[in-house]
Amino acid sequence: MRPVCLLAVLCLGVGVMAGKYSREVNEPNPSGSDGQPVEFRIAKLNQVWEKAKRLSPVRQAELHSDIKIQEKDELLWKKMKVEGLDENGEKEAQLRRNFNVILAKYGMDGKRDTRPLESNSLKDHDSKEGDVFEDPRLDKLWNKAKNSGKFSDEELQNLKREFQHHKDKIHEYNILMDTVSRTEEIHKNVISPLEGDTKEHVLHQKHTELKDKMRGLNQGLERLRKISHEGFGDDSEFREPRVIELWESAKRSNLSREELDSLKEELHHFETKVEKHSHYQEQLELSHQKLRHVETLGDKEHIKRTQEKYDSLAEKTRDMGYKMKKHMQDLSNKISRQGLQHNEL
């Protein structure tokens with residue numbers, strides 16, 4: 001299949017509705033056209049996974065976790081559809097959006113990523129030594145914090161992870177903004193009034209998401225600015241950026257004191273899970289480097305043993321990543337009190 005054709009298939013979005021007892025939904029290990037078992041039960045998700053070979057081992061594991069969550073949500077939606085739920089197509093539109101975000105996030109949307117990191121600063125910012133976040137505001141704050149003498153080596157590592165997380169969130173925002181822009185172009189060409197109403201609803205949803213994400217970015221940048229100037233306070237509860245983001249969101253929510261205390265304890269357990277996953281990602285990268293080295297030696301038995309260890313570690317990392325992201329999804333839902341709403345990846 002030519003690349004253009006494959007992209008067309010991938011961008012179709014959510015597939016045709018399947019019956020509650022369809023083979024796609026219920027067969028535990030469906031087979032591909034070659035008779036070999038495939039990784040996922042939905043064809044378009046397998047097509048994405050097959051293109052993952054060019055990614056690094058850690059990115060492959062991250063993509064696998066994202067696809068697995070997408071598959072779970074799509075199969076759940078199919079059952080909802082059979083039962084007459086999602087009449088306005090809101091969940092379907094959300095699933096299509098999440099799928100397109102996955103394609104863009106891993107560079108599989110068929111376009112070179114020219115989305116700049118959003119900044120209010122002038123665009124003629126020249127990169128200097130020490131500029132690591134591709135955003136002049138972040139680089140300025142990071143260099144100030146790094147040279148302030150207020151942070152221990154461990155605190156600097158924690159702070160750098162927060163900066164990197166904020167950079168990733170900016171990238172996600174620009175992906176969503178690009179998606180909205182393309183949807184608006186499609187909306188201009190709509191002829192059917194009924195179809196126009198549906199697209200208007202989807203467009204409104206996306207603009208709401210953009211506002212929410214921008215609000216989160218502003219709050220995150222303000223936190224980084226405060227820490228860079230004042231250092232970490234005694235009330236710093238967590239180290240991992242994703243956990244910190246959840247905790248800050250929880251404190252701004254309508255949760256009671258008892259609920260906050262309970263959530264804090266759960267977040268501590270979640271943070272341990274996140275740290276363990278990060279450790280496995282590091283080990284996976286090292287294992288991949290070792291495998292590449294062993295392959296150059298030509299000892300088939302040694303290569304086989306090393307490959308088996310690498311495959312086992314990759315599977316463990318993927319599984320751990322899925323469980324971590326699913327747990328984060330559940331925590332976000334608990335904080336927002338929005339039920340089974342799926343969060344953007």
Side-chain angles (χ1 to χ4, degrees), residues 56 58-59 62 104-105 113-178 209-253 260 264 267-268 270-272 274-275 277-279 281-282 285 324 328 331-332 335 343-345:
S56 70
V58 171
R59 291 285 282 172
E62 285 287 290
K105 181 179 176 182
D113 193 356
T114 56
R115 291 173 285 259
L117 289 173
E118 188 66 18
S119 173
N120 292 326
S121 305
L122 294 176
K123 298 297 181 182
D124 59 354
H125 169 70
D126 293 326
S127 290
K128 308 188 199 75
E129 186 178 353
D131 289 357
V132 293
F133 299 108
E134 303 173 25
D135 183 303
R137 297 170 303 174
L138 296 183
D139 286 320
K140 183 177 180 180
L141 286 176
W142 168 246
N143 288 320
K144 180 180 179 64
K146 189 171 60 172
N147 299 320
S148 68
K150 296 178 181 178
F151 302 92
S152 65
D153 290 344
E154 183 181 356
E155 286 175 332
L156 272 178
Q157 286 301 314
N158 291 338
L159 183 59
K160 189 172 185 178
R161 286 204 300 272
E162 283 205 51
F163 271 89
Q164 183 61 50
H165 179 66
H166 190 79
K167 173 187 170 181
D168 293 341
K169 297 296 286 186
I170 293 174
H171 186 59
E172 289 174 14
Y173 172 83
N174 284 311
I175 286 175
L176 185 60
M177 187 165 60
D178 184 58
E209 279 186 62
L210 278 173
K211 290 178 182 178
D212 290 342
K213 282 188 177 292
M214 178 53 74
R215 187 182 305 113
L217 284 173
N218 289 334
Q219 291 165 343
L221 183 63
E222 186 57 37
R223 171 184 164 79
L224 290 175
R225 184 177 288 114
K226 181 179 179 182
I227 294 175
S228 299
H229 285 79
E230 302 175 10
F232 285 104
D234 295 333
D235 59 345
S236 297
E237 293 284 349
F238 304 100
R239 299 175 301 276
E240 287 293 333
R242 281 170 286 194
V243 184
I244 292 169
E245 187 175 28
L246 287 170
W247 179 238
E248 292 295 325
S249 177
K251 289 193 293 186
R252 293 191 299 266
S253 70
L260 278 175
K264 183 190 294 185
L267 284 173
H268 278 297
F270 177 63
E271 185 169 57
T272 300
V274 173
E275 291 173 340
H277 178 243
S278 297
H279 172 72
Q281 286 182 317
E282 292 171 4
E285 187 60 45
M324 185 201 71
M328 185 172 179
L331 287 167
S332 298
I335 292 169
N343 294 285
E344 294 290 351
L345 297 164

Not counting sequence neighbours, which residues clear side chain to side chain contact (heavy atoms under 4.5 Å, CB included) with [X]? List them please.
{"X": "Lys160", "value": "Phe133, Trp142"}
{"X": "Ala250", "value": "Trp247, Leu255, Leu260, Leu263, Ile335"}
{"X": "Ser148", "value": "Lys150, Phe151"}

For [X], which residues count as a side chain to side chain donor-acceptor pair (under 3.5 Å) partner, sequence neighbours excluded?
{"X": "Gln164", "value": "Asp168"}
{"X": "Glu271", "value": "none"}
{"X": "Glu285", "value": "none"}
{"X": "Glu245", "value": "His165"}

With sequence neighbours left out, what residues match [X] under salt bridge (Lys or Arg N to Asp or Glu O under 4.0 Å)?
{"X": "Arg225", "answer": "Glu222"}
{"X": "Glu275", "answer": "Arg239"}
{"X": "Arg215", "answer": "Asp212"}
{"X": "Lys264", "answer": "Glu237"}

_Does Asn218, at its CG atom, have more than 12 non-hydrogen atoms belonging to other residues, nucleotides or ligands within less than 6.0 Å?_
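Enclosed.
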A side-chain contact here means heavy atoms from C-beta on lying under 4.5 Å apart; do [X] and [Y] qualify?
{"X": "Ser228", "Y": "Phe163", "result": "yes"}
{"X": "Met214", "Y": "Leu210", "result": "no"}
{"X": "Lys105", "Y": "His171", "result": "no"}
{"X": "His268", "Y": "Val243", "result": "no"}
{"X": "Asp135", "Y": "Lys167", "result": "no"}
{"X": "Leu138", "Y": "Ile170", "result": "yes"}

_Interatomic distance, Glu240 atom CD to Leu267 atom CG [nearest 0.5 angstrom]_ = 12.0 Å
*Looking at OG of Ser152 and CG of Asn158, how far apart are the two atoms once the value is rounded to the nearest 0.5 Å?*
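Answer for the OG-CG pair, Ser152 versus Asn158, is 8.0 Å.
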*Look at Arg59 together with Glu62 and state whether they make a salt bridge at an N to O cut-off of under 4.0 Å.*
no
*asked:* Less than 4.0 angstrom from a charged side-chain N to a carboxylate O is my criterion; do Arg223 and Glu248 meet it?
replied: yes
*His229: what forms a ring pair (Phe, Tyr, Trp, His ring centres under 6.0 Å) with it, not counting sequence neighbours?*
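His229 satisfies ring pair (Phe, Tyr, Trp, His ring centres under 6.0 Å) with no residue once adjacent residues are dropped.
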At their closest point, which heavy atom of [X] faces which heavy atom of [Y], and how far apart are they?
{"X": "Asn147", "Y": "Asn143", "result": "ND2-O, 2.9 Å"}
{"X": "Arg242", "Y": "Val274", "result": "NH2-CG1, 3.8 Å"}
{"X": "Ala145", "Y": "Leu156", "result": "O-CD2, 4.3 Å"}

